[in-house]
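Chain A is the first sequence line, chain B the second, and so forth, proteins listed ahead of strands; every chain is numbered from 1. As the structure is a computational prediction, the values presented were derived from the model and not from experiment.
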Amino acid sequence: MRFGIVVFPGSNCDHDVYHAVKHVLGQEARFVWHKSTDLDGSEVVILPGGFSYGDYLRTGALARHSPVMQEVVAFAKRGGPVLGICNGFQILLEAGLLPGAMLRNRGLRFVCEEVELKADGRATRFTSKLSPGDRFRLPIAHAEGNYTADGATLDRLEGEGRVVLRYCDVAGRVTDEANPNGSARGIAGIANEQGNVVGMMPHPERACEPILGNDAGRRIFESVLG
Amino acid sequence: MTVPPVLEGAALVERARKAGLTEDELRRIERMLGRTPNTLEIGLFGAMWSEHCSYKSSRHLLKRLPTSGPRVVVGPGENAGIVDIGDGLGVAFKMESHNHPSYLEPYQGAATGVGGILRDVFTMGARPIALMDALRFGRPEHPKTRKLLNGVVAGIAGYGNAIGVPVVGGDVAFDATYDGNILVNVLALGIVETDRIFLGRAEGVGNPILYVGARTGRDGIRGATMASASFGEGSEELRPTVQVGDPFYEKLLLEACLELFKKDAIVGIQDMGAAGLISSSSEMASRSGAGVRLHIDQVPRREEGMTPEECMLSESQERMLLVAARGREREVVELFEKWDLAAAVIGEVTNTGRLDVYEGDTLVATLPARALTDDAPKYDRPQRKPSDLESRWIDIDAPALSDPGQAILAMLARPTIASKRWVYRQFDHMVRVGTVVLPGRGDAAVVRILGTPKAVGIAVGSSARFCALDPKLGSRLTMMACARNLACVGAEPLAVTDCLNFGDPSIPEVSWQLAESIDGIADACRALGIPVVSGNVSLYNDTEGASIQPTPMIGMVGLLDDAERTCDVAFKRAGDRILLLGRLTGELGGSELLASQGRLEGRPPMLDGALELSVQRAVRDMIRAGRLASAHDCSEGGLAVALAESCLAGNVGATVAIESRLAPSALLFSEEPSRVIVSCAPGQLDAVRAIAASHQAPVVDLGAVGGIALEIAGVARLDPDAMREAYEHALPRIAGDE
Amino acid sequence: MRARVFVTLKPGVLDPQGRAIASALVHDGFAEVRSARVGKLIEVELDERDAGRARQRLTEMCEKLLANTVIERYDIELG
Amino acid sequence: MRARVFVTLKPGVLDPQGRAIASALVHDGFAEVRSARVGKLIEVELDERDAGRARQRLTEMCEKLLANTVIERYDIELG
Ligand SMILES: Nc1ncnc2c1ncn2[C@@H]1O[C@H](COP(=O)(O)OP(=O)(O)O)[C@@H](O)[C@H]1O
Ligand SMILES: [Mg+2]
């Protein structure tokens with residue numbers, strides 16, 4: 001499958017996704033420059049993590065105005081699979097492809113560590129290889145992952161099974177202590193109604209190889225391969 | 001446009017003094033030029049002859065360091081050193097201090113320190129893959145410590161995280177000696193193809209000189225001079241000299257430069273760091289022996305009304321000076337414009353050996369380039385051994401411990417020993433998917449080199465208490481501790497970078513410390529068979545007459561041929577055997593145990609060079625042969641702390657019984673060198689012993705992994721929650737998070 | 001023309017930064033502080049003389065870019 | 001009493017964020033934008049009725065905590 005990895009000025013996990021997709025999963029991967037006006041035949045689009053536009057103003061706010069985002073929105077509307085990881089998730093929120101917004105982490109600090117997660121909701125293009133309740137660990141690395149939306153939106157996301165990843169403790173409970181950033185209802189990842197657009201704060205591309213101590217992230221990429 | 005005035009008499013001397021030049025130095029300049037320099041020229045000399053830029057008090061001492069070796073591709077003198085690691089690749093690395101700016105404005109000071117050292121590495125053509133930070137703060141209870149700690153860590157995170165280079169490890173300690181002079185030393189390491197290295201040279205008469213990157217403002221004017229002055233009353237007034245960094249801009253600059261390096265469009269490049277344009281242009285000119293003509297009015301600016309002097313001395317961040325091949329300048333400018341960066345031709349290479357600065361058609365400064373650089377004065381400062389030193393070398397009687405278990409917990413809670421998770425959790429240490437041994441897990445960081453089976457190990461540190469008691473021995477111990485840390489992750493030391501953080505060199509005791517320390521580093525380099533390839537000297541770390549204890553910070557880089565054959569400190573499985581490689585002599589001089597009693601006393605422990613190398617070789621071979629489950633060096637806090645850390649990292653207990661006639665305090669807390677605690681599956685025991693024997697490394701049986709508590713037979717039993725409580729909460733408390 | 005744009009969190013949206021500032025102030029001896037909220041102040045320099053037109057353009061800027069209207073509100077001050 | 005504290009960068013201090021925002025606005029069709037600078041707006045709710053005393057306390061808060069006076073300046077608005 002051909003993966004297009006969008007490179008915004010300030011993206012810095014673009015090479016990592018490329019490595020995971022190409023060298024670990026053996027798929028075709030190419031970078032798509034943010035000024036580009038087509039997706040170069042991509043069958044899967046990934047918005048990688050990093051600090052697009054330095055995270056200035058608000059995370060993801062400036063990136064969503066990049067020329068390539070029109071194409072990404074059109075691709076998503078056609079049902080094409082789009083995964084936003086970390087800053088990519090923030091961009092999807094700003095672009096309106098997913099509901100809600102991000103606030104500063106509750107502790108106000110950048111947090112980089114591996115956290116406990118559990119799969120939830122219904123199957124999406126990026127979580128079909130996970131079953132609700134599956135637990136695993138993935139790294140997070142962000143200062144603004146404190147997901148927020150109004151109560152009605154949160155209820156709707158949950159009701160429609162669109163909360164796909166939650167922070168939890170080792171027993172699988174979604175608790176305040178297990179929540180690294182204050183995110184509403186322990187939300188770590190959500191999907192759109194059709195399940196083709198997914199945003200998540202954890203970095204699956206950092207956990208695809210045993211040498212890195214964890215390969216749980218592979219299942220996210222394998223899901224989209226079908 | 002007019003030529004800057006030439007002053008006379010007292011006004012001249014005063015002007016020179018303000019620029020940081022002594023009257024002797026002014027006279028020396030007059031002799032070199034055969035005339036009196038104009039005011040602009042005085043400013044240029046002042047910056048270039050500052051301690052920070054000229055190394056005038058340390059240069060002759062640095063000559064004692066071994067700098068060559070079969071793997072050295074680029075040694076000291078360039079922006080970073082480069083060492084060959086095979087496969088056509090090299091590692092470029094350097095460590096640099098940003099102590100003074102970080103004290104005045106911790107966030108921006110530390111952030112721009114990261115930006116500056118990254119530029120030093122990527123200017124060589126290398127892609128940065130790792131950062132390490134070595135920090136020294138004052139006492140936790142000092143009123144400034146909390147703010148400085150928070151600001152410095154946030155600044156490193158703010159810059160490093162945004163630019164996407166992982167901070168893979170570091171070293172943090174607290175001591176009253178740094179109350180008024182914190183240390184912020186950052187090491188950057190990159191990978192370069194050895195046939196595509198770029199140097200800071202201005203070559204080829206007529207080649208255009210380009211300015212690229214951010215526009216120039218009045219940031220940090222006289223930063224180099226400030227870094228060469230002592231702190232005292234009123235130094236807070238130096239504030240406007242603080243530079244502000246923009247990691248986003250630097251990320252663009254990095255990517256643009258790496259793209260540029262793939263073409264053959266440039267002949268030399270150098271970042272604009274301390275003393276900005278004057279330093280980069282005169283260094284590029286004097287390295288190649290060419291000359292440079294600059295048109296100062298062509299420099300992209302962000303502020304109006306800047307004088308030529310301000311333009312030449314500005315330390316605005318995220319800027320590079322480069323020499324393009326003639327006719328290729330258009331291409332270079334277009335490439336930078338693609339990345340939305342400013343680029344402009346501001347001069348050309350000449351064959352005059354001079355630095356000529358024009359404003360419009362007016363020649364406002366004309367100086368021999370070498371007068372600014374190589375011909376800066378060199379001072380062989382008087383040295384004197386501190387008179388109180390030997391009186392501190394008393395024999396230490398092992399203190400009695402009323403409750404050894406409590407003593408271990410107290411040691412785990414010492415800020416210098418306690419977990420640094422609060423720090424590295426704020427740094428993205430995983431970006432670039434290279435970090436094989438994460439911070440907090442290993443004695444050294446291990447970063448794999450994608451596209452090869454190899455990895456580099458990086459260790460930083462400084463045993464400042466040992467150096468305070470005996471700078472030469474302390475520096476040797478520091479070097480060996482770094483090498484041992486590398487051995488504990490399976491790496492073979494390749495080369496060293498250093499930051500020599502010392503006080504005011506005009507004080508003979510400080511000069512003595514510097515000289516001794518350099519000798520100690522040189523000795524250890526020879527013993528290890530490795531060179532120093534880059535580094536930095538930071539003097540005048542003193543406040544109101546009190547200099548810091550000597551703190552030679554060492555950054556040592558090692559190679560692993562197989563990234564999979566590495567090791568961390570965590571005990572793994574119940575039943576694994578625990579062994580100590582090395583001896584137990586119980587020396588306590590200069591230990592953290594004594595420091596916890598407010599005592600800086602004793603002789604640092606003896607270093608037996610042969611034993612040290614045996615232990616390092618043995619542990620490295622064991623890891624390479626895949627025999628070990630864990631390896632952990634015994635350093636601050638001794639055996640007890642090392643055992644507790646291996647338990648905590650592995651989330652498992654251990655039962656240890658040590659036959660020894662030493663008093664418990666000596667057994668538990670001695671910081672003697674040349675010791676490593678290893679664990680292995682029982683089935684590997686014979687092989688492990690055989691490897692130790694083949695290197696004549698002594699082995700002491702300690703016990704086995706298992707249970708949840710750390711039990712030291714007849715001494716203490718420590719429950720994991722108590723250990724974790726002591727170990728994990730010290731830093732968050734200092735920072736004010738708890 | 002110069003303008004000041006104030007972007008603040010909507011009432012009801014949690015403000016972790018404001019909360020931290022308030023508690024740090026109280027902790028530092030400013031016991032009279034009841035709460036704090038943090039917003040952004042964006043000073044824009046415009047090539048536009050007409051106030052009405054400037055306000056209209058700034059409103060567009062806010063809607064398109066300067067504020068995230070899911071969680072933020074904005075105020076424009078000319079002059 | 002309510003107060004608004006404006007914390008802005010001192011003139012001459014580089015404002016990377018403002019620079020990025022201005023260029024994004026221009027790219028987005030707001031060609032009339034010449035520059036932007038970003039500051040903080042801190043709204044503080046105080047248990048204090050006396051305006052003079054409030055201003056004095058807020059000044060202390062700015063000096064101690066709210067502003068980084070190395071690179072920032074502040075303005076206090078009561079009301
Ligand atoms: N303590 C040291 N040991 C070895 N080399 C050093 C030391 N200090 C400085 N150098 C070398 O001297 C040169 C000048 O260093 P420096 O002035 O710090 O560089 P920069 O211009 O980037 O600030 C560099 O090549 C550096 O590696
Ligand atoms: Mg340099």
Side-chain angles (χ1 to χ4, degrees), chain B residues 101-109 111-112 115 143 146-147 150-151 154-155 158-159 162-163 213-221 235-253 301-306 310 314-319 337 339-342 736, chain D residues 3-48 54-77:
Chain B
S102 302
Y103 184 78
L104 295 177
E105 212 306 274
Y107 184 97
Q108 294 297 343
T112 52
R146 172 169 294 178
K147 201 167 176 184
N150 276 296
Y159 210 102
I163 198 166
R215 293 170 177 278
T216 297
R218 291 193 177 86
D219 321 57
I221 288 169
S235 63
E236 320 256 315
E237 286 317 306
L238 287 167
R239 278 167 174 182
T241 61
V242 168
Q243 313 102 315
V244 172
D246 182 355
F248 170 57
Y249 219 78
E250 177 132 316
K251 168 75 174 165
L252 303 183
L253 187 61
R301 301 171 195 209
R302 109 168 172 261
E303 288 182 70
E304 278 162 31
M306 288 181 70
E310 287 172 327
S314 162
E315 295 187 4
S316 287
Q317 299 290 295
E318 292 94 26
R319 305 178 302 160
E337 283 172 353
W339 289 92
D340 297 322
L341 298 166
Chain D
R4 301 208 294 176
V5 176
F6 305 102
V7 180
T8 48
L9 288 170
K10 288 184 181 168
V13 174
L14 176 73
D15 177 13
Q17 179 157 229
R19 174 167 76 185
I21 291 172
S23 91
L25 285 169
V26 171
H27 270 284
D28 257 22
F30 299 102
E32 69 267 46
V33 172
R34 279 215 258 141
S35 71
R37 281 178 84 77
V38 180
K40 261 183 289 196
L41 157 63
I42 307 167
E43 296 170 312
V44 188
E45 183 84 43
L46 287 177
D47 257 339
E48 173 64 64
R55 180 173 297 277
Q56 184 206 323
R57 292 289 279 173
L58 285 159
T59 306
E60 282 172 43
M61 293 180 208
C62 287
E63 289 287 335
K64 268 187 97 162
L65 203 92
L66 300 181
N68 174 357
T69 51
V70 179
I71 50 175
E72 293 170 334
R73 36 168 296 167
Y74 56 87
D75 262 312
I76 296 165
E77 208 179 273

Open item on the list: For a 4.5 angstrom cut-off between non-hydrogen side-chain atoms, does D:Pro16 reach B:Val244?
Closed with: yes
Task: Value rounded to 0.5 Å, distance of CG in D:Leu14 from CZ in B:Arg215 - done: 12.0 Å
- [ ] Count the heavy atoms belonging to other residues, nucleotides or ligands that lie under 6.0 Å from CZ of D:Arg4, then report whether that count exceeds 12.
- [x] yes
Task: Over all atoms of both residues, closest heavy-atom pair of B:Lys147 and D:Lys64 - done: NZ-O, 4.1 Å
- [ ] Determine the minimum heavy-atom distance between D:Arg19 and B:Ala214, stating which atoms define it.
- [x] NH1-CB, 4.0 Å
Open item on the list: If I measure from the heavy atoms of chain D, does B:Gln108 come under 4.5 Å with its side chain, its backbone, both, or neither?
Closed with: side chain
- [ ] Check D:Asn68 against B:Glu105 and note the closest heavy-atom contact, atom names and distance.
- [x] ND2-OE2, 2.8 Å
